[in-house]
Amino acid sequence: MSEIVKFIGQRIRNYRTQLGISQEKLAELSGCHPTYIGQIERGEKNATVESLEKISCALDVPLSKLFEKYETKSDLSKNIPLECYEFLSSKPKDGQERLYHILLEIDRYKNQ
């Protein structure tokens, strides 16, 4: 599948895990089949706009947020801040806080 399909799938997974809900629960809330949710998250299926709208409503996230900060490889070969954002956003809230504090400690140690 294309880069954007994988990106959107990962973004959906990130928002879902932030909420602490399963693929099955997201499927129930969105009216989509659980298998379809899994295929979208893995970038195996190209979701319809209608499905993306249902999923974004179930996640209580504006549809535009699923596409926010998307850049093609031709835009930038490697966007470290975006990769960090995606990594952190894939973690639950408590994990995000722990990772943030670890980064702060590393930065303080480096600057001593």
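The first residue in the sequence is number 1, and the count goes up from there.
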For [X], which residues count as a side-chain contact (heavy atoms from CB on, under 4.5 Å) partner, sequence neighbours excluded?
X: Leu104; answer: Tyr100, His101, Arg108
X: Pro62; answer: Ser64, Lys65
X: Arg42; answer: Arg13, Gln39, Glu44
X: Ser56; answer: Leu63, Leu66

In the single-linkage hydrophobic clustering (I, L, V, M, F, W, Y; side-chain heavy atoms under 4.5 Å), do [X] and [Y] co-cluster?
X: Tyr36; Y: Phe7; result: yes
X: Ile21; Y: Ile8; result: yes
X: Ile4; Y: Val61; result: yes

List the residues meeting side-chain hydrogen bond (donor to acceptor under 3.5 Å, both in side chains) with [X], not counting sequence neighbours, and say none if there are none.
X: Asp60; result: none
X: Glu53; result: none
X: Gln18; result: none

Distance from [X] atom [atom1] to [Y] atom [atom2], nearest 0.5 Å?
X: Leu99; Y: Gln96; atom1: CG; atom2: CD; result: 8.5 Å
X: Ile106; Y: Asn111; atom1: CD1; atom2: CG; result: 12.0 Å
X: Ser51; Y: Asn46; atom1: OG; atom2: CG; result: 10.0 Å
X: Leu29; Y: Ile55; atom1: CG; atom2: CD1; result: 11.0 Å
X: Leu19; Y: Lys93; atom1: CG; atom2: NZ; result: 11.5 Å
X: Gln23; Y: Cys32; atom1: CD; atom2: SG; result: 12.0 Å

Output yes when a side-chain donor or acceptor of Glu24 lies under 3.5 Å from a complementary backbone atom of Pro34, and no otherwise. no
Which ILVMFWY residues are connected to Tyr109, directly or by a chain of links, through side-chain heavy atoms under 4.5 Å apart? none
Note, Ile12 side chain near Leu52 side chain (heavy atom, < 4.5 Å): yes
Contact between Arg16 and Glu41 at the side-chain level, heavy atoms closer than 4.5 Å - yes or no? yes
Partner residues of Glu28 under the salt bridge (Lys or Arg N to Asp or Glu O under 4.0 Å) criterion, sequence neighbours left out: Lys25
